[in-house]
Amino acid sequence: MQLTIKHPFLCLPVVSHPKDTRVLKLFDGEKLLLCVYFPFGEAAADNGTYSYEYLSPLPVSEWMGRTLTLSAEFPAGFEDAVTQTDELPVSGEVHPAVHFTANAGWINDPNGLVYDNGTYHLYYQHNPFGVNWNNMSWGHATSTDLVNWEHQPIAIAPDALGTIFSGSCVVDKDNTAGFGAGAIIAFYTSASDRQVQSMAYSLDNGKTFKKYARNPILTSTQRDFRDPKVFWHDATDKWIMILAVGQEMQIYSSANLKDWAYESSFGEGQGAHGGVWECPDLIELPIEGTELKKWVLICNINPGGPFGGSATQYFVGTFDGKKFVNESPKNTKWMDWGKDHYATVTWSNAPEGRHIALAWMSNWQYANNVPTTQYRSGNSVPRDLSLYTSAGETYLKSSPSRELLKLRGKEEKKHSFKVDRTYNMDKLLSDNTGTYEIEMTIKNRNAEVIGFQLFNSKGEEVDIYYNLVEKKFAMDRSKSGVVSFSSDFPVLTLAPIEGNSEMTLRLFVDKSSIEVFGDDGRFAMTNLVFPSEPYNRISFYAKGGSYAVSSFKVYKLK
Ligand code: FRU
C-alpha cells in the first residue's frame, strides 16, 4: 500500500497476542527504511472489518510529504485501518504511575545505564512494533532525578549484524577509543544466528549513536555469548568487560575499548545454575559501618530463580582486574526475593560514587502473557546498593533511592496501634487510586505471625506477613486479581529474615506491582499483581501473640 505522509505518526493496527507474525517493510522508492516482524490482527470478517486491539505508533515525521510504500502479506481489511495522527496514539490503558514503561510496545532489560552531564540515561530492550519480545532495539529515556522520565527516540536499531541485545555504556572522558573526549560509548550484543559484541558511539549526549565501522569487536564459538558490561578499573588502568557466556561469566580487558584480551572465567560450581547466566555487572561497594569495600558480581539467571524462572543472584568477593574470586562459594545469595526482578544492572558514572541499580519488573515464565495491551512491562524503582554484614557473611542491601521521596504527595495519615487479632482499617487507603507508598515500623511483642492484607471490594487480596517462627517474610499473590494467564503466576514468595523486635517496612504499590523493602533494604521483594480495581483497603492480623505498629504512614505517590 502507498501512503503520502501528512502527519508525524503512522498508526498501525495490531494485536497483543498475534497468531501470526509476518514481515512488514517500509520503502521510500527503492530504499528500504524498515523491515520488522509485525503482529497482525485477524483478517476482515464478513462485514469487512479488520479486527485489532490497539495502534502501534510509527514515527514518520522525517518523511513528511513523501509517498512511502508499506509492504507485507496484509490481512484483508488491514490497509483501511491504517491512519495517521499528529499525536502518539494512546489506548487509554492505565500505565503504572511511577515506574518506567514505554508509551507503547514491549520492553525488557534496562541497557546502557549511564549518567552524563546531569542526565541519567535509560536505554532498554524494546520492541516498538508490538507487545511481544521481537525486533530488539535500544529504546531510550532520560531523567535528571531517576524518577521522572522523558521518552526519547529509539537510540540503536537492528542492522545487518542482527538485532540489538542488552549491554552497557561508558563515558570515555580521556578519549581512549578515539571517538572524542566525553563520547558515550555503547556496548551491546548483535544477535542473529550467532551472538557477537558490537560498539557504537554518541557525540550528542547519548541521543544518537553511530555504529563502529569494524563491528563486531568480540566473537566466540559459544551460542550464548552476550550482555557486555564495561567499566573502568582504576588499579590496573584498564577497561574491563564482563560477559555472560552460557552458565559462566567471562572477563576481558582493554586499553582502547576496541581490542579486548581474555582474562578469566567465573562460575563453575558457584551459586545457582538452573539456567543461563545473563546481564552481568561487577561493582565495588562499601560495607556499612566500616572503611572496607568488597566487589560484587551481579548475575541474572533464567530459569533457576528461587520461585521459578528469572531472578538476580550475586556473589561477594575480590577482583584484581583479571579475576573475580567469590568469598563464600557455598552460599547462593539473591538480590530480591520476589518473582519479578530481573536483568538488574547499575548506572555507570553515577554521581557521588553511588551504585544505583535498576531491574526489569517481570519474569520470562510469563512476561509475554501479562494482561496489558498497548504496553508490556516496566522497570523496578531505582535502588542504591551497599553491603552489610550479618553473622560473618556479607550481603547486598538494596535501599530505595532517595529520589523516590520526591514522589511523595500528601501524607495521608499517621497512626499507631496494637494488633492482637484482625483489624479492618478500610479508611487508611480508601481514596487511593492504586499508586502509594506505605512506611511502617513494627514492634513485636510475642507474635508468631505479623501480617496484613491489601485488598479491594472484589475480594482480590495480597497477603503480606512475617513468620517469626520460621524467620521468613512472605507475599502471597495467589488471590491478587487476574492470575490465570500463567500457572507460574499465582505464587507465594518468601525471603529469609533476621526477625528483630523492631522492624521497618516500605512498600511501593503502583497499579500492577508491589515492591517491599525490609529494614532499609536488607531484604527486598518485588512482585507483579493485576487487581481489577486498586487495593484500597488494608487489614492487619496477628497470630500467636500481639505486636504494635508504632508508626504507619501512607503517601500518595506523584
Ligand atoms: C535477558 C536477555 C538478555 C538478552 C536480552 C534479549 O532478559 O535474555 O540476555 O540480551 O534479554 O532481549
Side-chain angles (χ1 to χ4, degrees), residues 21 36-37 102 105-113 122-140 154-158 161-169 186-200 216 218 220 222-230 241-250 267 272-281 297-305 308-313 335-336 339-346 357-370 376-380 526 528:
T21 306
V36 296
Y37 291 103
W106 159 276
I107 79 169
N108 57 292
D109 317 355
N111 293 154
L113 303 180
L122 161 60
Y123 302 93
Y124 53 90
Q125 288 287 278
H126 186 36
N127 178 9
F129 307 103
V131 285
N132 294 89
W133 184 87
N134 222 331
N135 304 312
M136 279 302 118
S137 311
W138 277 25
H140 184 204
I154 301 288
I156 310 182
L161 283 178
T163 50
I164 313 297
F165 274 18
S166 289
S168 57
C169 281
F187 297 85
Y188 58 89
T189 302
S190 296
S192 57
D193 50 355
R194 62 180 193 150
Q195 299 185 347
V196 297
Q197 314 318 319
S198 295
M199 70 197 279
L218 202 57
S220 164
Q222 299 281 322
R223 199 172 63 103
D224 292 304
F225 179 66
R226 58 178 179 265
D227 308 343
K229 170 77 188 196
V230 175
M241 179 190 288
I242 177 163
L243 267 174
V245 188
Q247 291 197 16
E248 64 177 28
M249 298 303 183
Q250 290 186 354
H273 280 274
V276 284
W277 287 13
E278 300 184 317
C279 303
D281 205 340
L297 193 159
I298 295 175
C299 169
N300 293 282
I301 173 171
N302 177 59
S310 331
T312 309
Q313 66 175 329
M335 190 163 168
D336 185 290
K339 269 200 86 153
D340 300 298
H341 181 270
Y342 193 57
T344 317
V345 282
T346 63
L358 198 70
W360 171 50
M361 211 161 38
S362 197
N363 188 313
W364 281 115
Q365 282 181 330
Y366 44 70
N368 276 282
N369 298 316
V370 298
R376 196 164 278 151
S377 299
N379 293 133
S380 68
T526 302
L528 292 175

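Both counts, for ligands and for their atoms, begin at 1 and track the order of listing. All values reported here derive from a predicted model rather than from experimental measurement. What you see below is based on every heavy atom in this structure, not just the backbone, and it leaves out hydrogens, waters and symmetry mates.
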Has [X] got a side-chain atom pairing as donor or acceptor with [Y]'s backbone, closer than 3.5 angstrom?
X: Asn363; Y: Ser310; answer: yes
X: Arg226; Y: Gln195; answer: no
X: Gln313; Y: Ala272; answer: yes

Considering non-hydrogen atoms only, spot the tightest contact between Gln197 and Pro228 and give its length. OE1-CD, 3.3 Å
Closest non-hydrogen contact found for Trp138 with Phe165 is NE1-O, 3.0 Å
Rounded to the nearest 0.5 Å, what separates atom CG in Asp281 from atom OG1 in Thr344? 9.5 Å
Does ligand 1 have any N/O pairs with the protein under 3.5 Å, and how far apart?
unit_1: ligand 1; atom_1: 7 (O); unit_2: Asp109; atom_2: OD1; d: 2.8
unit_1: ligand 1; atom_1: 7 (O); unit_2: Asp109; atom_2: OD2; d: 3.3
unit_1: ligand 1; atom_1: 7 (O); unit_2: Trp364; atom_2: NE1; d: 2.9
unit_1: ligand 1; atom_1: 8 (O); unit_2: Glu278; atom_2: OE1; d: 3.4
unit_1: ligand 1; atom_1: 8 (O); unit_2: Glu278; atom_2: OE2; d: 2.9
unit_1: ligand 1; atom_1: 9 (O); unit_2: Arg226; atom_2: NE; d: 2.7
unit_1: ligand 1; atom_1: 9 (O); unit_2: Asp227; atom_2: OD1; d: 3.4
unit_1: ligand 1; atom_1: 9 (O); unit_2: Asp227; atom_2: OD2; d: 2.6
unit_1: ligand 1; atom_1: 9 (O); unit_2: Glu278; atom_2: OE2; d: 3.2
unit_1: ligand 1; atom_1: 10 (O); unit_2: Ser166; atom_2: N; d: 3.2
unit_1: ligand 1; atom_1: 10 (O); unit_2: Asp227; atom_2: OD1; d: 2.6
unit_1: ligand 1; atom_1: 11 (O); unit_2: Asn108; atom_2: ND2; d: 3.2
unit_1: ligand 1; atom_1: 11 (O); unit_2: Asp109; atom_2: OD2; d: 3.2
unit_1: ligand 1; atom_1: 12 (O); unit_2: Asn108; atom_2: ND2; d: 3.1
unit_1: ligand 1; atom_1: 12 (O); unit_2: Gln125; atom_2: OE1; d: 2.6
unit_1: ligand 1; atom_1: 12 (O); unit_2: Trp133; atom_2: NE1; d: 2.8

